[in-house]
Each structure stands twice: as structure tokens, then as C-alpha cells.
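Computed over heavy atoms, backbone and side chain alike; hydrogens, waters and symmetry mates excluded. Everything numeric here is computed off the predicted structure, so don't read it as measured data. Order of the sequence lines fixes the chain letters, A, B, ..., with proteins taken first and strands second; residue numbering starts at 1 for each chain.
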Amino acid sequence: MSATTETRPAPAAATSTDTLEGKRDLSICWWITVVFYGLFGVIFVPLTRLMPPPGPDMSTAQITEYFQGNRTGIQIGFVVLMVAIGGAAIAAGLIAYQMTLMSVSKIYAYSYITTLAVGALPGCLLGALAFLAAVFRADTDPEVLVLLYDVAFLTFVGSLGCFATNYLVFAVAVLQDRNGIFPRWLAYVAIWQIVTEVLAAPVFVFRSGPFAWNGVISFWEGTILFGIFLGALIRLSRTAIRRQPIEAVA
Amino acid sequence: MNISAQSISLWLAAVFGTVLVAAFVLFPGFLPPMSPEMSSGEVAEFYAENKTWIRTSMVVFDFCCVMLLPLFMVVVHHIKRMRTSTDVFAYCYLSAAASGATILAIANLFWLIAAFRPERNPELLVLLNDLAWITFTAPVGMIIAQNLCLALAVYLDQRPDPVFPKWVGHFNIATAVLTAPAACAAMFKSGPLAWDGLISFWLRLTLFAAYIAVMFFMLRRAMRHEALELQRAPELVPA
């Protein structure tokens, strides 16, 4: 039915190129994506030390000490994030554009864009804002610090639906696509990530162990998988950009 | 796999929408809705006693509420099929849906954070509880923008066989008008406008559920008409 109604023709072999020439726009977006996720790693791991996360079972005194000890790193890292977060939108736009080249309805690309628009706020910025508020004043009540600590980690690790929906529409689009924009195995990795989101649901219950927000399942498995997925997505979108024909150059 | 993107998107909303109704029933704070006048002691007791069901039901909300977005994207597709002078309302609708879903995705996190440490200082529990209820109830502007954009598009659709019948426009206008007063939940502690009131809670949520259900059936109808149309005139397939 509408699988055929909203179809784009496959790029004809004759017009296909294997070059980045004439695709400066896509190339720029690709490089912004690479730089953004590079910065993302630097901000979250060595600078703010939000990853790997300290546990929910830290005492009030330990949490206070954690914020005081990391104050400079948190401020530098997340102030940079306040500017850099826009890179997430550009990364989403780049992949959504690739999805519009698939032989599938644009509805998937719309869903991809909107679910990531949701994810950027509770799934990334809210946690950073809670950290910034926690270190803004030196004399904040320790109980309030624990609250901000919970807000940061539970929103960062516990925003499930936006990313699950995003992986789902991406996976279905890749599996239905007949233009071969992305390989099918990338869809299976995305589906595995949906499972990972489900496995992260217990972070709202456990304060230690594999299902806590710093646990082997909820944090390490999910983060490593996300790293693999992201690396593959970036690498494969480079290939996709090289292969696709130049659209109308006015 | 020949199931269309529209079918998949609509069934996602139907399945997860049903799950959301179940989560609504399971949340101990909805039947009946918690009063904004509860004392800090009562709020602390509520979280201590009901933490398991609060967590279970709100994790389900967390996971499922964004699954409604693909249905809204099917609406975007059909607004683009209408014969109006431009596609502008489709993109306005898309943008409002993204922000509206963000609000929903944040509200349930406040309930989950409150239930994570029920032994927290009761004053902070009240703060989280207020943030959850106010975020969940008051920011109605995005769904109102969706309703109005869709209604305007329906009214301006010049097709001889309109994508949606005119009553869908009226229904969306009515939904927008009746949803708007819920914004006042941010300032009333009792009465029909409070977050547990007849207007801000029962009417608003019933309308939202009805909106999803009505759009589900109207979109299926529009999808079938689109398929028939393309069978008759395949050269009209947009590139």
C-alpha cells in the first residue's frame, strides 16, 4: 500500500558517485556530529565525571563531597555543553536526512527528529542543569544536593521512552528500506538498544547492584552498546554520504 | 515487510496507548487524584506506602508516552496531503508535538525521583510532587497548538474529497478550548481548576484519550482513502 506510495526511487547506478565532492553540506553536518560526540565524551567522562556514574548508595556527606571536589570540572564541562548541545540537533538532522533517501515513508524521519528533540532535554540537558545548580553556590543544603544528584542521574540514565521510540522507528525504517542506505545489522543493534532501555527501567528502584544507575546492566552494558551503535552510525553515514548522488545543485 | 509506516505508527500508538491507560489505573495517585492540599506529612506517607506501584506505573509512562509521537507524525503526513496553499501547518504540528511530548516525558520523571527516596525530607517530597503535578497538568499550550493547526488545515483543505471531514476540525477546536483552562492548575489548590479537579484532571485527560482514539480511527480512514486514490491515479505519487 503506502509502502509504494511514499517511495523514492533508488539512486540509479549511473548517477551514483563515491565521493564527498559537491556534498559540502552533508560533510559539514557529518564533521559537526563527530566533533559533538567527541566533546560529549570529554565533557561527561574526564571533565564532569558524570560517567562512569557514582552510585545511588553514596551518603549525603559523600554526595556533598563529590560535588565540591568536581566543581570546576562540572562548571567547565557543562558550560561547554550548554553551547555544544546544538550538535545533537545537527546529528539528528543528518541521520533524518539519510532516512528521507530510504524507500520508506518520511513519517519515520519525522518520528526520528521529534523523539530526539524530546531526548535532548530530559535525556541530556536536564541532568547537566541539575549538576550546574548543585555547584552554583558553595552553601547549598546537603539534602537539596542529594535531590539534584537524583534528578541528574535518574533523568540521564532513566529517560527511556524517547530513545526507545527513536531506535524503534530507525530500526523499522532500515529494515524496510530497499535503497540500502544503512546495512540491516545496524537495525538489529538498534533493536538491542530498545531491550537495553527496558533493562534500564529498574534504575528507579535499585540503589546498588547491576540494575542501579551505575550498575553493570543499567550503565555499562547500555553505554558500551550505545558507543558501538554511535561509532557504527557515524562510520556508516560517511559511507552513505559518499555513495549517494548529488541532489539538484542550483 | 510490506506493512506501511502509517499502519506501524498507528498500531504503536494503539498498543502503547492501551498500556498507558493501564498505567493510569495502576498509579496510586490518580484514582482518585492526589489533592494539592495534602500536608507534607500526608505526601511523605503517600510515597512511603505506595512506592512500588508509583515506580511501576510511572516507569511504564516513561517508556510508553513518547510511543504516541509516531501517530502525531501520521497526522503531519495527512496535513501535507491536504490542498491548502502550503504545508506550513504540517510543520507547526510536528514542532508542537515534539515539545508536548517533552513535557510529558519530564513530568513522570519527577514522580519517579520522588518515589526513589521516600525517606527524603518531606518538604522536598512536596516540592517534587508539586513539580510533577504542575508539569503534568498546566503546560497545555503545545497540544492546543496541535489541535488548532490541525483544525485550521481541515477548514482550509480545498480537496473535493477532504482528507478529514469538517467535524474533525470542530472536534479539535472543542478539545483546544476545553483543555485550555487546565493551565490554571498551576495556581488553584482546590475546585474544578485544581490539578485534581473536574476540569484540569478529568476533563483534560478524558479529552486527551478521546483525541488519540478519534485520530486513530480517522487516520486509518484517511490512510485507506489515500491508498485507493493512489490505485486510481498512481502518477500522483509524490516523489
Legend entry - Selection from A:Leu116, A:Val151, A:Asp150 maximising heavy-atom pairs under 4.5 Å formed with chain B: A:Asp150
Inset, instruction - Please state whether the side chain, the backbone, both or neither of A:Phe206 comes within less than 4.5 Å of a heavy atom of chain B. - result: backbone
Inset, instruction - Kindly indicate, with the supporting measurements, whether the criterion ring-ring contact (aromatic ring centres under 6.0 Å, His included) is fulfilled by B:Phe116 and A:Trp213. - result: CA-CA 12 Å; B:Phe116 187 64; A:Trp213 74 50; 5.5 Å; yes
Inset, instruction - Let me know if A:Val198 has heavy atoms under 4.5 Å from chain B in its side chain, its backbone, both or neither. - result: both
Legend entry - Region of A:Pro202 in contact with chain B, defined by heavy-atom distances below 4.5 Å: neither
Inset, instruction - Flag yes if more than 12 heavy atoms outside B:Lys80 fall under 6.0 Å of its NZ atom; otherwise flag no. - result: yes
Legend entry - Close side-chain approach of B:Arg117 to A:Arg207, heavy-atom, < 4.5 Å: yes
Inset, instruction - Let me know if B:Ile103 has heavy atoms under 4.5 Å from chain A in its side chain, its backbone, both or neither. - result: neither
Inset, instruction - Under 4.5 Å heavy-atom distance to chain A, tell me which part of B:Leu124 shows up: side chain, backbone, both or neither. - result: side chain
Inset, instruction - With a 4.5 angstrom heavy-atom cut-off, could you sort out which part of B:Leu104 is near chain A: side chain, backbone, both or neither? - result: neither
Inset, instruction - Please determine, among A:Val146, A:Val169, A:Leu126, A:Ile113, the option with the most heavy-atom pairs under 4.5 Å with chain B. - result: A:Val146
Inset, instruction - State, with a plain yes or no, whether a side-chain heavy atom of A:Thr114 is found less than 4.5 Å away from one of B:Phe72. - result: no
Inset, instruction - Determine the option with the most heavy-atom pairs under 4.5 angstrom with chain B, choosing from A:Ala120, A:Gly161, A:Ala164. - result: A:Gly161
Legend entry - Check: A:Leu160 main-chain N/O paired with B:Asp62 side-chain donor or acceptor under 3.5 Å: yes
